[in-house]
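Computed over heavy atoms, backbone and side chain alike; hydrogens, waters and symmetry mates excluded.
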Amino acid sequence: MRLSKYFLPTLKETPSEAKIASHRLILRAGMVRQASAGIYSWLPLGLKVLQKIEAIVRDEQIASGAQEILMPTIQSADLWRESGRYEDYGKEMLRIQDRHKRDMLYGPTNEEQITDIVRHAIKSYKDLPKNLFQIQWKFRDEIRPRFGVMRGREFLMKDNYSFDLDEAAGRHSYNKMFLAYLRTFARLGLKTIPMAADAGPIGGDLSHEFIVLAPTGESEVFYHKGFEDFDAMGEAAVYDKDLQPLVDRWTSLYAATDNKHDAAACPVKSSDLKTGRGIEVGHIFFFGTKYSEAMGATVQGQDGETTPLQMGSYGIGVSRLVGAIIEASHDDAGIIWPEAVAPFQVGLINVRSDNEASTKAADALYAEFLKAGVEVLYDDRDERPGAKFSNMDLIGLPFAVTIGPRGLETGIAEVKNRATGERTEIKLSGVVKHFAKP
RNA sequence: CGGGGAGUGGCGCAGCCUGGUAGCGCAUCUGCUUUGGGAGCAGAGGGUCGCAAGUUCGAAUCUUGUCUCCCCGACCA
């Protein structure tokens, strides 16, 4: 993409309302624009990142055996009356009426809806297990939205729901998601710690939160230093074996957020206890028959008996992850994207767009990048070098390739690693090869 | 929902106390000079001062109402 044609409204100055790094940076980098409190439009650069995160989340869901569906954002109040949550959910739920004065709502989550789908379609134990997921916009009318995209009212969420015949099978489904979440966040370049959690309004007795460690996270977290040696990517994606030992290992060490942590009662000796800051990006629940009983979602077992489905639900805050990743990875100059979610892999800078040789070389390199299938953002604008460098640092592409008359004298380009700041000189002929995926 | 703060050009702000018809920096446009870390000079365009009512000869400025946004707290993917 040529920057001269790209819609990328970056800001030199920081909007006054943004107090935390990720909020400041998504605005400055031209990724989003606030529409109203807690509601954002996604601009090209931001949407690209959102979609990359979405793709990884989707990939790991599918790898775990889940199947993708898409449910509506607007739901009927009647379904929620069946589960009793229409009354219980409170003001967080946005309630609306259609032209016939029917009560509707903008879904804050979809347990009722999925249960309705499944109870009509699944009648036999032979249809189980099933795990269905969607990546869909949700709306929760937060008392106080803040932190930009990290705590919006409208947000993109991956939610999925497992259905099993008995509790043991349900726990296996739960464990699958536990593993899938560890892998998902690791692929996104994040260090996460699972923590035992209250089930909250969704209900149930088995629940874990996944907390991303970020120096500017919203809550303080306490965890056993042993977590630092755990490697989520090392967990092979084998889902049909017994996953309990793996889950046990990841949950054997102490971890708690500040509202749960009691320094006096903490079982970990202080030399083993680490503190940091974190952001909740995922939450999984196993709640058994809470909804299936209330809504009559049952199957016949092998013995002919009718039993309610064992269910779990699992969420990942996809749009929140955009903010969380930035909180975990930025510096004074701007964002530092992990390669897996970077909107472009490489930024190409022509420092002297008035210089014929420089422009020719940069144009040629750009064409070569495109041909090699490397995602490249080419700053071909007639701007001063300083403006181009600063802008490139701000939007945080993993690598910046600089072409200018000075390097052309010896036939080299400068490649800068955004994360490390390291600069290397590479022969022009070898630049694209350096980035092309084999 | 409790407490605090702010709405003046795309962004950041001054002006308000003490009413007299709107200003600064950045950005934008034109021209010239410049060009390896957010250039310089000259010129130009752009504002119902959140909205509504009121006081007044006259309101960005005073009064009342209202809407929106932000920050701190309790709650949340």
Roughly how many Å is it from [atom1] in [X] to [atom2] in [N], rounded to a whole number?
X	N	atom1	atom2	answer
Arg153(A)	C70(B)	CZ	C1'	14 Å
Arg151(A)	C72(B)	CZ	C1'	13 Å
Ile135(A)	A77(B)	CD1	C1'	14 Å
Glu17(A)	G12(B)	CD	C1'	11 Å
Phe139(A)	A77(B)	CZ	C1'	14 Å
Ile143(A)	C70(B)	CD1	P	15 Å
Leu27(A)	G10(B)	CG	P	17 Å
Glu13(A)	C11(B)	CD	P	11 Å

When all nucleic acid strands are considered with a 4.0 Å heavy-atom cut-off, which category describes [X]: base, sugar-phosphate, or nothing?
X	result
Gly152(A)	base
Asp354(A)	base
Glu142(A)	base
Lys158(A)	nothing
Thr14(A)	sugar-phosphate

- Task: Between Ser36(A) and Glu280(A), just flag the one whose closest nucleotide in RNA chain B comes earlier from the 5' side.
- Result: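 Residue closer to the 5' terminus by nearest nucleotide: Ser36(A).
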
- 5' precedence on RNA chain B between Val149(A) and Arg33(A) (nearest-nucleotide basis):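 Closest to the 5' end, via its nearest nucleotide, is Arg33(A).
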
- Using the side-chain contact (heavy atoms from CB on, under 4.5 Å) rule, pick out the option among Val49(A), Val32(A), Ile53(A), Leu50(A) that qualifies with Ser319(A).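 Running side-chain contact (heavy atoms from CB on, under 4.5 Å) over Val49(A), Val32(A), Ile53(A), Leu50(A) with Ser319(A) returns exactly one hit, Leu50(A).
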
Could you check which nucleotide pairs with [N] in any of the strands shown, counting Watson-Crick or G-U wobble with both distances under 3.5 Å?
N	value
U28(B)	A44(B)
U55(B)	none
C69(B)	G5(B)
C16(B)	none

- Query: Who are the side-chain hydrogen bond (donor to acceptor under 3.5 Å, both in side chains) partners of Asn350(A), not counting sequence neighbours?
  - Reply: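 Once residues adjacent in sequence are excluded, the partners of Asn350(A) under the side-chain hydrogen bond (donor to acceptor under 3.5 Å, both in side chains) criterion are Ser358(A), Thr359(A).
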
- State which residues pass side-chain hydrogen bond (donor to acceptor under 3.5 Å, both in side chains) with Ser64(A); sequence neighbours excluded, sorted by chain then number.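 With sequence neighbours excluded, Ser64(A) shows a side-chain hydrogen bond (donor to acceptor under 3.5 Å, both in side chains) to no residue whatsoever.
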
- Query: More than 12 non-hydrogen atoms from neighbouring residues, nucleotides or ligands closer than 6.0 Å to NE2 on His434(A), yes or no?
  - Reply: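 Check fails, neighbour count at 12 or below.
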
- Query: Does Gln345(A) reach the side chain of Leu397(A), with side-chain heavy atoms less than 4.5 Å apart?
  - Reply: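 No. Closest side-chain heavy atoms not under 4.5 Å.
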
- Answer whether the closest heavy-atom distance between the side chains of Met295(A) and Glu112(A) falls below 4.5 Å.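 SC-SC contact between Met295(A) and Glu112(A) confirmed.
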
- Please test Phe155(A) against Trp137(A) for ring-ring contact (aromatic ring centres under 6.0 Å, His included), starting from the C-alpha separation and ending with a verdict. CA-CA 6 Å; Phe155(A) 56 97; Trp137(A) 292 91; 8.2 Å; no

- Sequence neighbours excluded, every pair satisfying side-chain hydrogen bond (donor to acceptor under 3.5 Å, both in side chains) that has a member inside residues 403-414 of chain A: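 For residues 403-414 of chain A, and leaving out neighbouring residues, the side-chain hydrogen bond (donor to acceptor under 3.5 Å, both in side chains) pairs sorted by first residue read Glu414(A)-Arg423(A).
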
- Query: Could Arg183(A) and Glu60(A) be called an ion pair, given the rule that one side-chain N must be under 4.0 Å from one carboxylate O?
  - Reply: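 Looking at Arg183(A) and Glu60(A), the cut-off is met.
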
- Query: Does the ring of Phe227(A) carry Lys274(A) above it, NZ/CZ under 6.0 angstrom from centre and within 45° of its axis?
  - Reply: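 The answer is no, since Lys274(A) fails at least one limit relative to Phe227(A).
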
- Item | Ring-face cation of Arg95(A) near Tyr86(A) (centre distance under 6.0 Å, axis angle within 45°) |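 Judged by the rule (NZ or CZ under 6.0 Å from the ring centre, within 45° of its axis), Arg95(A) counts as positioned above Tyr86(A).
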
- Message: I'd like to compare against my own output: the B/S/- annotation of nucleotides 36-45 of chain B with a strict under-4.0 Å heavy-atom distance to protein.
- Response: BBBB------

- Can you check whether Phe399(A) and Phe435(A) have ring centres sitting under 6.0 Å from each other?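 Here the rings of Phe435(A) and Phe399(A) have centres that are less than 6.0 Å from each other.
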
Polar pairs (N or O, both sides) under 3.5 Å between protein and nucleotides 2-9 of chain B?
none

For nucleotides 13-16 of chain B, tabulate all protein N/O to nucleotide N/O atom pairs closer than 3.5 Å, reporting atom names and distance.
{"unit_1": "C13(B)", "atom_1": "OP2", "unit_2": "Ser16(A)", "atom_2": "OG", "d": "3.2"}

